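Shown next, in C-alpha coordinates, is the structure this report addresses.
The structure presented is a predicted model; accordingly, all values stated were derived computationally and were not measured. So that the names make sense, note that chain A is the first sequence line, chain B the second, and so on, each numbered from 1.
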Amino acid sequence: MNKVYITTAIPYMNGSPHIGHAMDYVQADVSARYYRLLGDDVKFQVGSDEHGGKVFQKATAQGVTVEAFVDENVAKLKDFIAKLDVSYTDFVRTTNTDHIRRCQEIWRKLSEHIYKDKYEGWYCTGCERFVTDKEYEECNGVCPDHQKSYERLEEENYYFRISDFKDQIREAILADRVLILPDFRKKEILKLLEESPDVSISRPKEQLSWGVPVPGDDNQTMYVWIDALSNYITILGYPERDISDWWPATAQFVGKDILRFHAIIWPAMLLALGLPLPKTIVSHGMILVGGVKMSKSVGNVVDPVDVIERHGADAFRYYFLRHIDTFADSDFTWEKFENAYNNELANDLGNLVQRLATLMSKNDIALPSASAILPKKYQSLMEKFEFSKAFDFVWEEVQAINKRIDEEKPWMLAKNGERIKLEECLIGLARELLKVNLMLGPFLPETNEKIVEIFSGKITAPKTPLFPKN
RNA sequence: CGCGGGGUAGAGCAGCCUGGUAGCUCGUUUGGCUCAUAACCAAAAGGUCGCUAGUUCAAAUCUAGCCCCCGCAACCA
(Lines give C-alpha, C1' and ligand atoms only; values in the text may rest on other atoms or scores of the structure.)
Protein backbone atom coordinates (compact mmCIF):
# COMPACT_ATOMS: atom_id res chain seq x y z
CA MET A 1 0.00 0.00 0.00
CA ASN A 2 1.45 3.31 -1.06
CA LYS A 3 1.54 6.27 1.26
CA VAL A 4 0.25 9.40 -0.37
CA TYR A 5 0.42 12.87 1.13
CA ILE A 6 -1.67 15.67 -0.39
CA THR A 7 -1.53 19.26 0.80
CA THR A 8 -3.41 22.50 0.23
CA ALA A 9 -2.37 26.08 0.89
CA ILE A 10 -3.53 27.36 4.25
CA PRO A 11 -5.73 30.44 3.81
CA TYR A 12 -4.96 33.61 5.72
CA MET A 13 -7.53 34.06 8.45
CA ASN A 14 -8.22 37.75 7.97
CA GLY A 15 -11.44 37.13 6.11
CA SER A 16 -13.96 34.64 4.88
CA PRO A 17 -13.01 31.75 2.64
CA HIS A 18 -13.65 32.36 -1.02
CA ILE A 19 -13.69 30.73 -4.39
CA GLY A 20 -9.91 30.71 -4.80
CA HIS A 21 -9.53 28.53 -1.75
CA ALA A 22 -12.29 26.30 -3.04
CA MET A 23 -10.15 25.49 -6.11
CA ASP A 24 -7.34 24.20 -3.89
CA TYR A 25 -9.67 22.04 -1.89
CA VAL A 26 -11.63 20.59 -4.72
CA GLN A 27 -8.57 19.71 -6.79
CA ALA A 28 -6.72 18.25 -3.86
CA ASP A 29 -9.78 16.29 -2.85
CA VAL A 30 -10.14 14.69 -6.26
CA SER A 31 -6.55 13.55 -6.05
CA ALA A 32 -6.95 12.26 -2.53
CA ARG A 33 -10.07 10.32 -3.42
CA TYR A 34 -8.43 8.98 -6.56
CA TYR A 35 -5.50 7.55 -4.64
CA ARG A 36 -7.83 6.03 -2.09
CA LEU A 37 -9.66 4.40 -4.97
CA LEU A 38 -6.38 2.81 -5.98
CA GLY A 39 -6.10 1.49 -2.45
CA ASP A 40 -3.40 3.87 -1.27
CA ASP A 41 -3.12 5.19 2.26
CA VAL A 42 -3.83 8.91 1.96
CA LYS A 43 -3.00 11.74 4.32
CA PHE A 44 -4.68 14.96 3.27
CA GLN A 45 -3.75 18.19 5.01
CA VAL A 46 -5.73 21.42 5.18
CA GLY A 47 -5.29 24.29 7.60
CA SER A 48 -5.28 27.93 8.55
CA ASP A 49 -2.64 30.65 8.62
CA GLU A 50 -3.53 32.69 11.67
CA HIS A 51 -0.70 34.99 12.61
CA GLY A 52 0.28 38.41 11.33
CA GLY A 53 -0.49 42.06 11.65
CA LYS A 54 -3.58 42.10 9.52
CA VAL A 55 -5.33 39.48 11.59
CA PHE A 56 -4.41 41.37 14.72
CA GLN A 57 -5.67 44.67 13.35
CA LYS A 58 -8.94 43.18 12.16
CA ALA A 59 -9.60 41.61 15.52
CA THR A 60 -8.85 44.86 17.28
CA ALA A 61 -11.08 46.77 14.91
CA GLN A 62 -13.93 44.39 15.73
CA GLY A 63 -13.28 44.76 19.42
CA VAL A 64 -12.63 41.09 20.01
CA THR A 65 -9.56 39.24 21.21
CA VAL A 66 -7.36 37.95 18.45
CA GLU A 67 -7.85 34.40 19.73
CA ALA A 68 -11.62 34.68 19.51
CA PHE A 69 -11.30 36.25 16.08
CA VAL A 70 -9.24 33.44 14.59
CA ASP A 71 -11.34 30.78 16.28
CA GLU A 72 -14.39 32.16 14.61
CA ASN A 73 -12.75 32.30 11.21
CA VAL A 74 -11.37 28.80 11.56
CA ALA A 75 -14.88 27.58 12.35
CA LYS A 76 -16.08 29.30 9.17
CA LEU A 77 -13.30 27.70 7.18
CA LYS A 78 -14.09 24.23 8.51
CA ASP A 79 -17.72 24.70 7.65
CA PHE A 80 -16.75 25.85 4.18
CA ILE A 81 -14.53 22.83 3.60
CA ALA A 82 -17.27 20.51 4.81
CA LYS A 83 -19.73 22.07 2.38
CA LEU A 84 -17.36 21.25 -0.48
CA ASP A 85 -17.33 17.62 0.63
CA VAL A 86 -13.57 17.61 1.08
CA SER A 87 -12.17 14.44 2.62
CA TYR A 88 -9.21 15.86 4.51
CA THR A 89 -7.56 13.92 7.30
CA ASP A 90 -5.57 16.60 9.14
CA PHE A 91 -6.29 20.22 9.98
CA VAL A 92 -3.30 22.32 10.97
CA ARG A 93 -3.59 25.67 12.74
CA THR A 94 -0.52 27.87 12.89
CA THR A 95 -1.56 28.98 16.38
CA ASN A 96 -1.44 25.43 17.64
CA THR A 97 1.22 25.10 20.34
CA ASP A 98 2.80 22.06 18.71
CA HIS A 99 3.08 23.93 15.46
CA ILE A 100 4.64 26.94 17.17
CA ARG A 101 7.18 24.84 19.01
CA ARG A 102 8.11 22.85 15.91
CA CYS A 103 8.33 26.01 13.92
CA GLN A 104 10.88 27.43 16.35
CA GLU A 105 12.89 24.25 16.15
CA ILE A 106 12.86 24.51 12.39
CA TRP A 107 14.14 28.07 12.69
CA ARG A 108 17.03 26.86 14.80
CA LYS A 109 17.86 24.17 12.28
CA LEU A 110 17.91 26.81 9.56
CA SER A 111 20.11 29.14 11.56
CA GLU A 112 23.28 28.75 9.54
CA HIS A 113 21.40 30.14 6.55
CA ILE A 114 19.86 33.00 8.52
CA TYR A 115 21.47 36.40 9.00
CA LYS A 116 20.44 39.75 10.36
CA ASP A 117 20.33 42.77 8.11
CA LYS A 118 18.80 46.20 7.85
CA TYR A 119 15.83 46.82 5.65
CA GLU A 120 15.21 50.27 4.32
CA GLY A 121 12.03 51.40 2.65
CA TRP A 122 9.00 53.63 2.63
CA TYR A 123 6.91 53.35 5.75
CA CYS A 124 3.49 54.66 6.68
CA THR A 125 3.11 55.39 10.38
CA GLY A 126 -0.67 55.18 9.99
CA CYS A 127 -0.66 51.71 8.47
CA GLU A 128 2.35 50.71 10.50
CA ARG A 129 3.85 48.96 7.53
CA PHE A 130 6.32 49.31 4.71
CA VAL A 131 5.01 49.77 1.20
CA THR A 132 6.68 48.62 -1.97
CA ASP A 133 8.44 51.11 -4.20
CA LYS A 134 5.75 50.55 -6.77
CA GLU A 135 3.03 51.36 -4.27
CA TYR A 136 4.99 54.41 -3.24
CA GLU A 137 5.14 55.70 -6.79
CA GLU A 138 1.50 54.94 -7.50
CA CYS A 139 0.38 56.98 -4.53
CA ASN A 140 2.88 59.77 -5.21
CA GLY A 141 4.46 59.18 -1.84
CA VAL A 142 1.28 59.79 0.15
CA CYS A 143 -0.63 57.03 1.89
CA PRO A 144 -4.18 57.06 0.47
CA ASP A 145 -5.65 55.74 3.71
CA HIS A 146 -4.02 58.20 6.05
CA GLN A 147 -3.18 61.15 3.81
CA LYS A 148 0.30 61.11 5.26
CA SER A 149 3.60 61.17 3.45
CA TYR A 150 5.56 57.96 3.63
CA GLU A 151 8.73 58.12 5.67
CA ARG A 152 12.06 56.61 4.80
CA LEU A 153 12.71 54.15 7.57
CA GLU A 154 14.97 51.28 8.31
CA GLU A 155 14.52 48.29 10.54
CA GLU A 156 16.36 45.13 11.39
CA ASN A 157 15.11 41.83 10.01
CA TYR A 158 16.38 38.33 9.83
CA TYR A 159 16.95 37.08 6.31
CA PHE A 160 16.95 33.59 4.91
CA ARG A 161 19.77 33.01 2.45
CA ILE A 162 17.90 31.65 -0.57
CA SER A 163 21.04 32.06 -2.61
CA ASP A 164 22.60 29.07 -0.80
CA PHE A 165 20.12 26.81 -2.59
CA LYS A 166 19.37 28.37 -5.93
CA ASP A 167 21.49 25.95 -7.91
CA GLN A 168 19.99 22.91 -6.24
CA ILE A 169 16.47 24.21 -6.72
CA ARG A 170 17.07 24.99 -10.37
CA GLU A 171 18.43 21.52 -11.01
CA ALA A 172 15.56 19.86 -9.18
CA ILE A 173 13.00 21.83 -11.16
CA LEU A 174 14.73 21.27 -14.47
CA ALA A 175 14.95 17.54 -13.87
CA ASP A 176 11.32 17.46 -12.66
CA ARG A 177 12.43 16.02 -9.35
CA VAL A 178 9.99 18.59 -8.13
CA LEU A 179 7.47 18.70 -10.93
CA ILE A 180 5.85 22.08 -11.36
CA LEU A 181 2.54 22.04 -13.16
CA PRO A 182 1.60 23.45 -15.56
CA ASP A 183 4.72 23.62 -17.66
CA PHE A 184 4.48 27.34 -18.43
CA ARG A 185 4.56 28.10 -14.73
CA LYS A 186 7.69 26.02 -14.42
CA LYS A 187 9.36 28.26 -16.98
CA GLU A 188 8.14 31.31 -15.11
CA ILE A 189 9.55 30.01 -11.84
CA LEU A 190 12.92 29.16 -13.36
CA LYS A 191 13.18 32.75 -14.53
CA LEU A 192 12.03 34.15 -11.22
CA LEU A 193 14.46 31.98 -9.34
CA GLU A 194 17.39 33.80 -10.92
CA GLU A 195 16.14 37.12 -9.62
CA SER A 196 15.03 35.95 -6.20
CA PRO A 197 16.86 37.82 -3.49
CA ASP A 198 17.15 36.56 0.06
CA VAL A 199 13.86 36.74 1.86
CA SER A 200 13.07 38.66 4.99
CA ILE A 201 11.69 36.28 7.59
CA SER A 202 11.12 38.37 10.69
CA ARG A 203 9.78 41.68 11.93
CA PRO A 204 10.57 43.70 15.03
CA LYS A 205 8.26 42.65 17.83
CA GLU A 206 6.82 46.12 18.31
CA GLN A 207 5.66 46.02 14.71
CA LEU A 208 4.44 42.43 14.70
CA SER A 209 3.33 41.05 18.03
CA TRP A 210 0.89 38.35 16.89
CA GLY A 211 3.21 35.66 15.66
CA VAL A 212 5.78 33.07 16.55
CA PRO A 213 8.67 34.55 18.59
CA VAL A 214 12.07 34.15 16.97
CA PRO A 215 14.02 31.74 19.17
CA GLY A 216 16.88 33.45 20.92
CA ASP A 217 15.78 36.99 20.09
CA ASP A 218 13.08 38.57 22.20
CA ASN A 219 12.80 41.55 19.91
CA GLN A 220 11.81 39.71 16.73
CA THR A 221 8.74 37.84 15.55
CA MET A 222 8.68 35.42 12.62
CA TYR A 223 7.19 36.80 9.51
CA VAL A 224 4.81 34.59 7.52
CA TRP A 225 7.19 32.37 5.54
CA ILE A 226 8.68 29.99 8.03
CA ASP A 227 5.58 30.01 10.17
CA ALA A 228 3.16 29.24 7.36
CA LEU A 229 5.17 27.08 4.96
CA SER A 230 6.41 24.77 7.69
CA ASN A 231 2.83 23.69 8.39
CA TYR A 232 3.17 20.98 5.77
CA ILE A 233 5.68 19.16 7.91
CA THR A 234 4.84 20.28 11.43
CA ILE A 235 1.48 18.56 11.05
CA LEU A 236 3.43 15.37 10.39
CA GLY A 237 5.28 15.83 13.63
CA TYR A 238 8.55 17.22 12.29
CA PRO A 239 11.17 17.52 13.66
CA GLU A 240 10.71 15.16 16.59
CA ARG A 241 9.02 12.46 14.53
CA ASP A 242 10.31 10.58 11.52
CA ILE A 243 8.12 11.82 8.69
CA SER A 244 9.55 9.72 5.90
CA ASP A 245 6.35 7.67 5.62
CA TRP A 246 4.53 10.74 4.34
CA TRP A 247 7.16 13.15 3.17
CA PRO A 248 7.88 14.04 0.38
CA ALA A 249 4.32 14.99 -0.49
CA THR A 250 2.84 13.42 -3.58
CA ALA A 251 1.24 16.72 -4.53
CA GLN A 252 0.96 20.19 -3.09
CA PHE A 253 -1.93 22.26 -4.43
CA VAL A 254 -1.56 26.03 -4.57
CA GLY A 255 -2.92 29.05 -6.43
CA LYS A 256 -0.67 30.56 -9.07
CA ASP A 257 -0.24 33.69 -6.97
CA ILE A 258 1.56 31.80 -4.24
CA LEU A 259 3.37 29.31 -6.44
CA ARG A 260 6.58 31.34 -6.26
CA PHE A 261 6.77 30.91 -2.51
CA HIS A 262 6.10 27.20 -2.76
CA ALA A 263 8.52 26.70 -5.60
CA ILE A 264 11.39 28.83 -4.28
CA ILE A 265 11.29 29.66 -0.56
CA TRP A 266 9.77 26.35 0.48
CA PRO A 267 12.24 24.16 -1.42
CA ALA A 268 15.07 26.27 -0.02
CA MET A 269 13.79 25.59 3.49
CA LEU A 270 13.49 21.88 2.82
CA LEU A 271 16.99 21.68 1.37
CA ALA A 272 18.35 23.52 4.38
CA LEU A 273 16.62 21.00 6.63
CA GLY A 274 17.98 18.11 4.59
CA LEU A 275 14.48 17.00 3.60
CA PRO A 276 13.43 15.85 0.13
CA LEU A 277 11.43 18.18 -2.10
CA PRO A 278 7.74 17.59 -2.83
CA LYS A 279 7.16 15.42 -5.87
CA THR A 280 4.68 17.78 -7.49
CA ILE A 281 3.44 21.31 -7.06
CA VAL A 282 0.16 21.84 -8.85
CA SER A 283 -0.80 25.43 -9.44
CA HIS A 284 -4.25 26.46 -10.56
CA GLY A 285 -5.35 29.73 -12.08
CA MET A 286 -7.74 32.40 -10.95
CA ILE A 287 -11.48 32.43 -11.37
CA LEU A 288 -12.73 35.28 -13.48
CA VAL A 289 -16.33 36.38 -13.58
CA GLY A 290 -17.53 37.42 -16.97
CA GLY A 291 -13.90 37.79 -18.03
CA VAL A 292 -12.84 40.13 -15.25
CA LYS A 293 -11.08 39.56 -11.99
CA MET A 294 -13.30 39.02 -9.03
CA SER A 295 -13.14 41.81 -6.53
CA LYS A 296 -15.19 43.25 -3.75
CA SER A 297 -15.04 46.75 -5.15
CA VAL A 298 -16.39 45.62 -8.51
CA GLY A 299 -19.02 43.65 -6.66
CA ASN A 300 -18.77 40.56 -8.83
CA VAL A 301 -17.69 38.15 -6.15
CA VAL A 302 -19.15 34.67 -6.49
CA ASP A 303 -19.56 32.83 -3.23
CA PRO A 304 -19.10 29.06 -3.64
CA VAL A 305 -21.66 28.55 -0.91
CA ASP A 306 -24.32 30.17 -3.11
CA VAL A 307 -23.48 27.72 -5.87
CA ILE A 308 -23.63 24.77 -3.50
CA GLU A 309 -26.91 25.85 -2.01
CA ARG A 310 -28.41 26.06 -5.45
CA HIS A 311 -27.45 22.64 -6.79
CA GLY A 312 -25.31 20.85 -4.24
CA ALA A 313 -21.61 20.21 -3.72
CA ASP A 314 -21.33 17.79 -6.63
CA ALA A 315 -22.62 20.38 -9.05
CA PHE A 316 -20.04 22.84 -7.78
CA ARG A 317 -17.30 20.28 -8.04
CA TYR A 318 -18.47 19.33 -11.50
CA TYR A 319 -18.24 22.84 -12.87
CA PHE A 320 -15.01 23.78 -11.19
CA LEU A 321 -13.24 20.57 -12.08
CA ARG A 322 -14.39 20.24 -15.64
CA HIS A 323 -15.19 23.65 -17.04
CA ILE A 324 -12.71 25.67 -15.06
CA ASP A 325 -9.31 24.97 -16.60
CA THR A 326 -7.22 22.89 -14.24
CA PHE A 327 -4.19 25.14 -14.62
CA ALA A 328 -5.11 28.41 -16.33
CA ASP A 329 -7.41 31.30 -15.46
CA SER A 330 -11.01 30.55 -16.32
CA ASP A 331 -14.32 32.24 -16.43
CA PHE A 332 -17.32 31.57 -14.23
CA THR A 333 -20.75 32.91 -15.02
CA TRP A 334 -24.05 31.74 -13.64
CA GLU A 335 -25.25 31.22 -17.18
CA LYS A 336 -22.39 28.87 -18.00
CA PHE A 337 -22.87 27.08 -14.75
CA GLU A 338 -26.60 26.58 -15.22
CA ASN A 339 -25.96 25.46 -18.77
CA ALA A 340 -23.50 22.82 -17.69
CA TYR A 341 -25.80 21.72 -14.92
CA ASN A 342 -28.85 21.33 -17.12
CA ASN A 343 -27.23 19.94 -20.24
CA GLU A 344 -24.59 17.76 -18.79
CA LEU A 345 -25.40 16.76 -15.25
CA ALA A 346 -29.17 16.62 -15.62
CA ASN A 347 -29.58 15.61 -19.26
CA ASP A 348 -26.52 13.48 -19.94
CA LEU A 349 -25.83 11.81 -16.64
CA GLY A 350 -28.95 12.22 -14.51
CA ASN A 351 -31.24 11.22 -17.31
CA LEU A 352 -29.03 8.29 -18.25
CA VAL A 353 -29.28 6.91 -14.74
CA GLN A 354 -33.01 7.47 -14.77
CA ARG A 355 -33.72 5.79 -18.08
CA LEU A 356 -31.50 2.82 -17.42
CA ALA A 357 -32.84 2.31 -13.92
CA THR A 358 -36.38 2.54 -15.24
CA LEU A 359 -35.70 0.03 -17.99
CA MET A 360 -34.22 -2.43 -15.53
CA SER A 361 -36.85 -1.88 -12.91
CA LYS A 362 -39.77 -2.26 -15.32
CA ASN A 363 -38.34 -5.50 -16.64
CA ASP A 364 -37.28 -6.70 -13.23
CA ILE A 365 -33.63 -7.16 -14.08
CA ALA A 366 -31.00 -7.05 -11.35
CA LEU A 367 -27.31 -6.49 -11.83
CA PRO A 368 -25.03 -9.39 -10.92
CA SER A 369 -22.13 -7.98 -8.97
CA ALA A 370 -18.86 -7.58 -10.81
CA SER A 371 -16.01 -5.24 -10.10
CA ALA A 372 -15.20 -2.61 -12.64
CA ILE A 373 -11.67 -1.60 -13.47
CA LEU A 374 -10.24 1.84 -14.09
CA PRO A 375 -9.24 2.54 -17.70
CA LYS A 376 -5.55 3.23 -18.21
CA LYS A 377 -6.19 6.52 -19.92
CA TYR A 378 -8.18 7.77 -16.98
CA GLN A 379 -5.46 6.74 -14.57
CA SER A 380 -2.78 8.40 -16.58
CA LEU A 381 -4.69 11.69 -16.74
CA MET A 382 -5.46 11.62 -13.03
CA GLU A 383 -1.85 10.98 -12.17
CA LYS A 384 -0.84 13.96 -14.29
CA PHE A 385 -3.42 16.01 -12.39
CA GLU A 386 -5.25 16.72 -15.65
CA PHE A 387 -8.62 16.80 -13.94
CA SER A 388 -10.55 18.58 -16.62
CA LYS A 389 -9.27 16.22 -19.31
CA ALA A 390 -9.97 13.18 -17.16
CA PHE A 391 -13.47 14.47 -16.65
CA ASP A 392 -13.89 14.94 -20.40
CA PHE A 393 -12.83 11.34 -20.87
CA VAL A 394 -15.43 10.17 -18.34
CA TRP A 395 -18.06 12.20 -20.12
CA GLU A 396 -17.30 10.62 -23.47
CA GLU A 397 -18.23 7.34 -21.81
CA VAL A 398 -21.45 8.81 -20.45
CA GLN A 399 -22.44 9.90 -23.93
CA ALA A 400 -21.41 6.58 -25.41
CA ILE A 401 -23.84 4.79 -23.11
CA ASN A 402 -26.69 7.07 -24.09
CA LYS A 403 -25.84 6.37 -27.70
CA ARG A 404 -25.76 2.64 -27.12
CA ILE A 405 -29.19 2.67 -25.53
CA ASP A 406 -30.58 4.37 -28.60
CA GLU A 407 -28.86 1.91 -30.91
CA GLU A 408 -29.74 -1.25 -29.03
CA LYS A 409 -33.32 -0.17 -28.34
CA PRO A 410 -33.93 -2.29 -25.22
CA TRP A 411 -37.56 -1.15 -25.11
CA MET A 412 -38.09 -2.92 -28.43
CA LEU A 413 -36.54 -6.08 -27.06
CA ALA A 414 -38.93 -5.89 -24.13
CA LYS A 415 -41.90 -5.34 -26.39
CA ASN A 416 -40.94 -8.33 -28.55
CA GLY A 417 -40.44 -10.53 -25.53
CA GLU A 418 -36.78 -11.18 -26.29
CA ARG A 419 -35.95 -11.73 -22.65
CA ILE A 420 -32.46 -13.15 -23.02
CA LYS A 421 -31.29 -10.41 -25.33
CA LEU A 422 -32.93 -7.80 -23.14
CA GLU A 423 -31.13 -8.97 -20.03
CA GLU A 424 -27.86 -9.18 -21.85
CA CYS A 425 -28.31 -5.68 -23.22
CA LEU A 426 -29.34 -3.98 -19.99
CA ILE A 427 -26.78 -5.72 -17.84
CA GLY A 428 -24.11 -4.75 -20.35
CA LEU A 429 -25.25 -1.15 -20.27
CA ALA A 430 -25.45 -1.05 -16.50
CA ARG A 431 -21.95 -2.46 -16.21
CA GLU A 432 -20.69 0.31 -18.43
CA LEU A 433 -22.47 2.81 -16.26
CA LEU A 434 -20.88 1.41 -13.13
CA LYS A 435 -17.49 1.67 -14.77
CA VAL A 436 -18.21 5.31 -15.44
CA ASN A 437 -19.42 5.67 -11.89
CA LEU A 438 -16.17 4.34 -10.54
CA MET A 439 -14.30 7.03 -12.43
CA LEU A 440 -16.82 9.60 -11.28
CA GLY A 441 -16.18 8.76 -7.65
CA PRO A 442 -13.32 11.14 -6.96
CA PHE A 443 -15.12 13.98 -8.70
CA LEU A 444 -18.69 13.57 -7.53
CA PRO A 445 -18.65 11.56 -4.31
CA GLU A 446 -22.31 12.07 -3.47
CA THR A 447 -23.56 11.13 -6.92
CA ASN A 448 -21.26 8.15 -6.94
CA GLU A 449 -22.88 6.74 -3.82
CA LYS A 450 -26.36 7.34 -5.13
CA ILE A 451 -25.63 5.48 -8.34
CA VAL A 452 -24.14 2.55 -6.47
CA GLU A 453 -27.27 2.40 -4.36
CA ILE A 454 -29.64 2.58 -7.30
CA PHE A 455 -27.99 -0.29 -9.13
CA SER A 456 -27.57 -2.69 -6.27
CA GLY A 457 -30.16 -5.27 -5.36
CA LYS A 458 -33.62 -4.80 -6.74
CA ILE A 459 -33.47 -1.82 -9.01
CA THR A 460 -35.96 1.01 -8.76
CA ALA A 461 -35.69 4.31 -10.53
CA PRO A 462 -35.19 7.19 -8.11
CA LYS A 463 -38.33 9.21 -7.45
CA THR A 464 -36.42 12.44 -7.47
CA PRO A 465 -33.85 12.62 -10.24
CA LEU A 466 -30.15 12.88 -9.45
CA PHE A 467 -29.96 16.38 -10.80
CA PRO A 468 -33.40 17.96 -10.75
CA LYS A 469 -34.01 20.88 -13.03
CA ASN A 470 -35.87 23.91 -11.89
C1' C B 1 13.94 45.27 -25.89
C1' G B 2 11.62 42.93 -17.79
C1' C B 3 9.15 37.80 -17.64
C1' G B 4 5.11 34.74 -19.05
C1' G B 5 0.25 33.37 -21.37
C1' G B 6 -3.07 34.22 -25.34
C1' G B 7 -5.57 36.10 -30.24
C1' U B 8 -9.02 29.43 -34.51
C1' A B 9 -17.33 29.36 -36.43
C1' G B 10 -22.31 33.44 -32.04
C1' A B 11 -19.73 31.77 -27.08
C1' G B 12 -15.88 28.69 -24.70
C1' C B 13 -11.83 25.83 -26.25
C1' A B 14 -8.51 21.65 -28.93
C1' G B 15 -5.17 21.29 -32.97
C1' C B 16 0.65 24.16 -33.55
C1' C B 17 6.26 20.62 -30.71
C1' U B 18 6.53 15.82 -35.09
C1' G B 19 3.76 21.10 -41.80
C1' G B 20 -0.56 17.97 -46.18
C1' U B 21 -8.96 17.45 -46.36
C1' A B 22 -9.91 22.82 -39.70
C1' G B 23 -12.03 19.56 -34.79
C1' C B 24 -14.78 19.47 -29.84
C1' U B 25 -18.63 21.38 -26.32
C1' C B 26 -22.69 24.84 -25.87
C1' G B 27 -26.08 27.62 -28.87
C1' U B 28 -29.05 27.55 -33.86
C1' U B 29 -31.89 24.56 -37.77
C1' U B 30 -33.83 19.86 -39.46
C1' G B 31 -34.86 14.66 -38.93
C1' G B 32 -35.33 10.08 -35.82
C1' C B 33 -36.83 7.69 -31.28
C1' U B 34 -40.24 7.09 -27.01
C1' C B 35 -36.94 3.68 -21.93
C1' A B 36 -36.00 8.65 -19.68
C1' U B 37 -35.71 14.97 -16.07
C1' A B 38 -39.74 18.15 -23.39
C1' A B 39 -34.71 14.18 -21.77
C1' C B 40 -31.80 10.77 -25.77
C1' C B 41 -29.71 9.77 -30.99
C1' A B 42 -28.50 11.58 -36.04
C1' A B 43 -27.65 15.29 -39.67
C1' A B 44 -26.97 20.38 -41.38
C1' A B 45 -25.69 25.55 -41.40
C1' G B 46 -21.76 28.66 -39.55
C1' G B 47 -14.50 30.07 -39.70
C1' U B 48 -10.00 35.02 -45.04
C1' C B 49 -7.22 29.96 -38.08
C1' G B 50 -4.85 38.62 -35.17
C1' C B 51 -1.91 41.32 -39.43
C1' U B 52 2.27 41.30 -43.00
C1' A B 53 6.31 39.12 -45.33
C1' G B 54 9.35 34.69 -45.90
C1' U B 55 10.65 29.15 -46.22
C1' U B 56 8.03 25.08 -48.88
C1' C B 57 4.98 21.48 -54.04
C1' A B 58 2.02 22.53 -49.47
C1' A B 59 1.47 26.68 -43.21
C1' A B 60 -3.50 27.48 -38.19
C1' U B 61 1.02 24.52 -37.81
C1' C B 62 8.04 26.55 -39.27
C1' U B 63 10.93 31.72 -39.54
C1' A B 64 10.99 37.17 -39.04
C1' G B 65 8.47 41.65 -38.05
C1' C B 66 4.10 44.14 -36.34
C1' C B 67 -0.80 44.91 -33.78
C1' C B 68 -4.10 43.73 -29.74
C1' C B 69 -5.74 41.35 -24.89
C1' C B 70 -4.32 39.30 -20.11
C1' G B 71 -1.31 37.81 -15.81
C1' C B 72 3.18 38.52 -12.83
C1' A B 73 7.20 41.88 -11.19
C1' A B 74 8.70 40.60 -2.08
C1' C B 75 3.81 39.53 0.35
C1' C B 76 -4.42 41.98 -1.01
C1' A B 77 -6.28 33.50 -3.82
Side-chain angles (χ1 to χ4, degrees), chain A residues 9 11-12 14-15 17-24 52-54 119 121 129-135 162 182-192 194-201 223-225 228 254-261 264-265 283-288 291-297 322-323 325 327-331 333 335-336 339-340 342-363 388-389 392 395-396 399 401-415 422 426 429 461-462 464-470:
Chain A
Y12 193 45
N14 65 342
H18 52 66
I19 207 145
H21 305 128
M23 282 305 292
D24 269 22
K54 282 185 189 165
Y119 176 83
R129 69 178 188 107
F130 282 93
V131 297
T132 61
D133 287 350
K134 183 189 167 190
E135 228 175 318
I162 300 271
D183 193 59
F184 64 84
R185 295 271 173 242
K186 170 175 153 184
K187 281 193 267 178
E188 220 171 77
I189 289 296
L190 283 168
K191 202 78 195 177
L192 269 167
E194 305 304 321
E195 302 155 7
S196 288
D198 292 344
V199 60
S200 139
I201 53 170
Y223 187 57
V224 62
W225 308 124
V254 299
K256 69 168 186 186
D257 54 313
I258 52 169
L259 172 64
R260 52 189 321 161
F261 313 128
I264 298 173
I265 301 177
S283 101
H284 63 256
M286 308 291 231
I287 311 297
L288 308 175
V292 297
K293 212 170 166 177
M294 230 183 267
S295 87
K296 280 180 192 152
S297 48
R322 183 165 187 218
H323 292 293
D325 192 291
F327 303 114
D329 291 355
S330 288
D331 204 35
T333 64
E335 194 193 352
K336 285 180 183 172
N339 241 320
N342 287 324
N343 288 314
E344 295 162 21
L345 282 176
N347 293 350
D348 289 345
L349 179 62
N351 181 57
L352 169 62
V353 169
Q354 199 74 21
R355 67 196 297 212
L356 197 51
T358 305
L359 280 164
M360 295 183 81
S361 138
K362 276 188 180 168
N363 295 292
S388 156
K389 289 200 173 110
D392 283 348
W395 225 256
E396 280 171 27
Q399 287 166 327
I401 300 173
N402 268 321
K403 184 173 177 171
R404 240 180 91 181
I405 297 181
D406 274 58
E407 282 168 357
E408 298 183 10
K409 300 182 176 43
W411 57 89
M412 288 297 288
L413 297 174
K415 202 179 275 178
L422 177 66
L426 289 180
L429 288 165
T464 46
L466 251 44
F467 299 100
K469 291 203 222 174
N470 306 329

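Residue W395(A) is out of contact with every strand shown, counting any heavy-atom pair closer than 4.0 Å. If you check every strand for non-hydrogen atoms under 4.0 Å, P11(A) touches nothing. Nucleic acid contact for D198(A): base, since at least one base atom lies under 4.0 Å from a heavy atom of the residue. At a threshold of 4.0 angstrom between heavy atoms, the contacts of V254(A) with the nucleic acid are absent. As judged by a 4.0 angstrom heavy-atom cut-off over every strand, Y12(A) is placed among residues making no nucleic acid contact.
In this structure, the side chains of L356(A) and L426(A) come closer than 4.5 Å at one or more pairs of heavy atoms.
Across all their heavy atoms, L466(A) and G350(A) have their closest contact at CB-CA, 4.3 Å.
When rounded to the nearest whole Å, the span between NZ of K336(A) and P of A11(B) equals 11 Å. Counting to the nearest Å, the C1' atom of G4(B) and the NZ atom of K191(A) are 10 Å from each other. With rounding to whole Å, D392(A) atom CG is found 14 Å from G23(B) atom C1'.
Within the 3.5 Å criterion, the main-chain N or O of S330(A) finds no donor-acceptor partner in the side chain of D325(A). Judged by distance alone, the side chain of H284(A) and the main-chain N or O of K256(A) form no donor-acceptor pair under 3.5 Å.
In the set G71(B), G4(B), C26(B), the nucleotide with an atom closest to the side chain of E344(A) is C26(B). Listed nucleotides: C3(B), A73(B), G4(B). Nearest to the side chain of R260(A): A73(B).
The number of heavy atoms from other shown groups lying within 6.0 Å of CD (E407(A)) is above 12. The neighbour count for K336(A) NZ, taken as heavy atoms of other residues, nucleotides or ligands under 6.0 Å away, is above 12.
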> Could you run down nucleotides 35-45 of chain B 5' to 3' and tag each one B, S or - for protein heavy-atom contact under 4.0 Å?
Replying inline: BBB-SBSS---
